[in-house]
Amino acid sequence: MAAVTDHRDHTDPPEDDGRSRERGRQDGRNQQDRLDRRENRQDRQDRQDRESGEHARVEDERADAGQRGDTVAHARVRDGAGRVGGQGRGEDARGPVHGATARAEDGSGPAGAFGGGSGAAGPQGAWDDGLIARRVAEEADGRPGGAAAGADHRPPAVVPLAYDGPLRSRLEALRELVGLSRARLDGATLAEAGRVLDEAASRRRLSGQHTVVAIAGATGSGKSQLFNALAGVAISETGIRRPTTAAPIACSWSDGAAGLIDRLGIPGRLRRRPLQSGGAEDPLRGLVLVDLPDHDSAAVQHREQVDRVLALVDAVIWVVDPEKYADAVLHERYLRPMARHSEVTFVVLNQIDRLPGDAAHQVLDDLRRLLDEDGVALGEYGEPGATVLAVSAATGEGVGELRETLGHFVAERGAAARRVAADLDAAAARLWPVYVTGRRTGLSERAREEFAARLADAVGATAAGDTAERAWLRNANRACGTPWLRLWRWYRDRGEPPTDRLVVRTPDDEEATARQRVEQAVRTVAERASAGLPDPWAQAVREAAVRGSQGLPEALDEMTLRAAAPPGRPPRPGWWPLAVLAQASMTLLQVVGGLWLLGQVLGTAAPNLGVPVLLMAMGIVGGPVVEWACRLAARGPARRYGQEAERRLREAAAGCGRARVLDPVAAELLRYREVREQYARVTGVGVPAG
């Protein structure tokens with residue numbers, strides 16, 4: 001095979017070889033330039049994508065900042081947006097990430113505003129919750145929890161609320177009470193008790209280290225101004241426009257209260273932090289203060305929000321002014337119904353700077369008088385009750401005392417449990433009419449006996465006993481009577497025609513009469529069993545009796561047939577054969593004496609009148625005497641036989657009535673006694689015995 005060679009390698013001149021190498025180097029440089037340009041374009045595209053993402057996040061934070069109304073945090077977001085945008089706006093040479101880190105380190109960024117770097121206040125001394133700015137720094141640094149500031153911002157562990165033993169026992173008793181009463185009481189009656197159970201369970205799962213206190217008041221009472229005075233900075237809007245507060249605003253003095261505020265339904269844009277908070281030495285640490293709309297606002301939704309939040313907070317501060325402290329709406333709608341919540345109630349007389357001289361003391365005394373009329377216990381002389389203070393939010397007079405009192409109140413960490421206990425007391429008071437009447441209840445033994453007697457009369461137990469007794473006597477007369485008298489009675493009964501003078505009751509009339517007697521007996525026992533019971537339970541007892549009475553007459557008839565005396569003749573005592581023999585002997589004497597006399601008349605027998613006559617006289621007199629003696633001897637067994645028949649019917653009727661009527665009624669009464677016991681546990685005190 002011939003070899004193939006490239007002749008161009010040998011024929012090219014030296015200058016062409018140099019140009020070729022130069023072109024190769026030029027092509028390599030062009031290719032490298034293209035690669036560099038491609039990498040530059042890719043870098044610019046990636047940088048633009050990152051900047052677009054940063055701008056999108058910043059815009060989201062800017063929108064959130066606009067909703068919050070937080071001007072300082074919003075300014076920081078704008079500043080962060082400028083720095084993220086590039087070096088053309090004064091960006092640090094280290095880039096947006098290092099710039100955000102540097103701001104966090106020197107304390108001027110969000111970490112210093114919230115995380116405990118240089119204090120809670122921002123650079124201009126205004127309040128700042130630090131949420132928006134801290135989120136921007138965390139995203140820029142790429143580490144959660146503000147790691148750029150060198151601090152751990154993980155949410156603190158929430159310690160749930162713990163109820164003591166008596167309160168847990170009362171809650172469990174209320175839960176059992178509601179369960180036992182659901183089939184007897186309507187849902188509206190048990191609604192409040194169910195709400196208390198739900199709210200107690202919900203509050204128990206949340207922080208026990210925080211106390212939620214609401215500030216409520218009428219229009220123009222200055223509650224928002226007092227709210228700002230306690231926070232140390234203008235958080236809630238104040239002014240002459242009414243109503244000023246349109247939605248609840250929450251201010252928390254420490255972390256870990258997010259769940260409690262969520263329970264109140266307050267959005268994030270209405271959550272605040274005071275000017276100085278977070279330190280362990282802060283006397284109000286653990287306080288969550290809520291500024292409510294006016295309870296007398298013309299806007300219906302404002303009043304609804306007030307009622308909703310007041311049912312969820314641990315305590316409430318009622319702010320009144322010298323003009324409206326005696327307002328009927330406040331006392332009749334809120335203070336009087338919540339009189340049992342006095343231990344978690346503060347009543348603050350605001351604007352005392354408007355009162356000259358001793359007028360403030362006079363108004364305060366009159367306010368205490370009105371609270372006493374409302375049933376609100378006052379916490380005076382060391383006794384538990386509502387706290388009444390006089391302050392001026394405008395001048396600061398009394399605010400320090402209120403802050404100190406509130407600090408002690410929060411430090412006790414017992415407001416939530418006291419609020420739940422007060423709710424239990426209020427729910428128990430509402431349920432008092434449906435569980436307690438103050439009268440003895442139940443079905444007495446006498447009422448039971450009378451009911452059984454009425455049923456026995458309905459089935460004719462007495463008549464059945466009399467019939468059985470007469471039947472026994474008739475049988476005794478048949479067995480022990482003289483043959484001639486029995487023959488005559490048989491002939492008389494057989495030959496006597498029936499007459500229309502006797503009123504004969506048809507079976508239908510007897511059945512109708514018996515049914516009426518049964519119904520009357522059931523109504524009577526139901527009324528006696530329900531006497532003294534609350535209306536729902538009395539109705540349940542009557543309904544149980546009526547249900548049991550359905551089919552009771554038919555059951556009594558069937559029972560009467562089974563319990564009646566067996567068919568045939570009654571049993572005979574042991575002395576009956578002797579009586580029959582004696583009666584037969586008397587009859588034989590009569591026959592012998594008569595035949596002897598007849599033989600003397602016919603001349604077939606020797607004349608002897610005395611003996612036959614004596615025999616006949618003995619037979620004639622002895623027969624009735626034996627019959628009379630047997631009748632006397634038969635009265636006792638006949639009576640016992642009739643009484644036994646009556647007893648069987650009475651016991652059968654009583655058993656049928658007990659199974660169908662008395663037992664269901666007793667079950668309802670037992671259920672009522674059970675709920676009474678549970679109700680006594682709910683109240684924590686005894687209730688009148690029933």
Side-chain angles (χ1 to χ4, degrees), residues 160-179 181-182 185 187-208 210-216 248 259-260 263-265 288 290 292 295 304-318 332-347 371 374-377 379 384-387 409-410 412-436 675 678-685 687:
L161 181 64
Y163 298 145
D164 57 8
L167 183 55
R168 289 198 304 270
S169 176
R170 294 181 61 191
L171 289 171
E172 183 63 27
L174 181 60
R175 187 174 294 105
E176 295 182 7
L177 180 66
V178 171
S181 305
R182 287 193 185 280
L185 304 179
T189 304
L190 299 174
E192 179 63 18
R195 187 197 68 81
V196 170
L197 289 174
D198 294 341
E199 297 303 335
S202 175
R203 182 63 181 90
R204 186 177 184 179
R205 290 190 294 267
L206 300 175
S207 173
H210 291 79
T211 303
V212 184
V213 181
I215 295 184
L260 291 171
R263 179 168 174 256
L264 302 179
V288 179
V290 181
L292 297 179
H295 69 77
E304 292 176 351
Q305 290 184 19
V306 171
D307 296 341
R308 178 182 61 82
V309 176
L310 285 179
L312 301 176
V313 297
D314 300 331
V316 59
I317 299 176
W318 290 102
E332 295 177 3
R333 185 176 180 182
Y334 294 103
L335 293 177
R336 195 169 300 163
M338 297 184 68
R340 299 179 183 274
H341 297 72
S342 59
E343 292 189 44
V344 291
T345 300
F346 293 79
V347 181
L371 293 175
D374 293 334
V376 178
T387 302
F409 181 78
V410 172
E412 293 176 356
R413 303 287 190 265
R418 288 198 293 268
R419 171 61 195 261
V420 173
D423 288 343
L424 272 175
D425 293 339
R430 293 188 183 95
L431 294 176
W432 176 275
V434 299
Y435 291 116
V436 181
V675 299
Q678 295 299 330
Y679 182 78
R681 290 179 56 195
V682 172
T683 58
V685 296
V687 294

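L197 has its side chain within reach of L171: a pair of non-hydrogen atoms, C-beta onward, lies under 4.5 Å apart. Residues E176 and R681 are in side-chain contact: their nearest non-hydrogen atoms beyond the backbone lie under 4.5 Å apart. Contact check for R203 versus Y163: side-chain heavy atoms found under the 4.5 Å cut-off. Using a 4.5 Å heavy-atom cutoff, the side chains of L177 and L431 are in contact. You'll find the side chain of R170 stays beyond 4.5 Å of the side chain of V420, heavy atoms only. Proximity of R419 to V316: side-chain heavy atoms (C-beta onward) are nowhere separated by under 4.5 Å. Here the side chains of D314 and V344 are not in contact, with every heavy-atom distance at 4.5 Å or above.
E172 is linked by a side chain to side chain donor-acceptor pair (under 3.5 Å) to R175, counting only residues two or more places apart in sequence or in another chain. Residues that satisfy the side chain to side chain donor-acceptor pair (under 3.5 Å) test with E332, not counting sequence neighbours, are absent from this structure. Applying the salt bridge (Lys or Arg N to Asp or Glu O under 4.0 Å) test to E412 and every residue at least two apart in sequence or in another chain returns R418. Partners of S181 under the side chain to side chain donor-acceptor pair (under 3.5 Å) rule, at least two apart in sequence or in another chain, are Y435. In this structure, the salt bridge (Lys or Arg N to Asp or Glu O under 4.0 Å) partners of R430, at least two apart in sequence or on a different chain, are E192. With sequence neighbours excluded, the residues that form a ring-ring contact (aromatic ring centres under 6.0 Å, His included) with Y334 are H295, W318.
Contact between L174 and V682 at its shortest, heavy atoms only, is N-CG2, 3.3 Å. Between G375 and A339, the shortest heavy-atom contact is O-CB, 3.5 Å. Closest non-hydrogen pair, V196 versus A427, comes out as CG2-CB, 4.1 Å. For L312 against R263, the heavy-atom pair with the smallest separation is O-NH1, 3.0 Å. When all heavy atoms of P384 and E343 are compared, the pair lying nearest together is CB-CD, 3.7 Å. The two atoms that bring Y679 and A428 nearest to each other are OH-O, 2.5 Å, heavy atoms only.
Taking CG from L335 and OG from S342, the interatomic distance works out to 11.0 Å, rounded to the nearest 0.5 Å. Separation of atoms CE (M338) and CG (D423) is listed at 7.5 Å; rounding is to 0.5 Å.
A distance-only check finds no donor-acceptor pair linking the side chain of R413 to the backbone of T211 [under 3.5 Å]. Side-chain N or O atoms of R336 include none that pairs as donor or acceptor with a backbone N or O of R333 at under 3.5 Å. Side-chain N or O atoms of T345 include one that pairs as donor or acceptor with a backbone N or O of H341 at under 3.5 Å.
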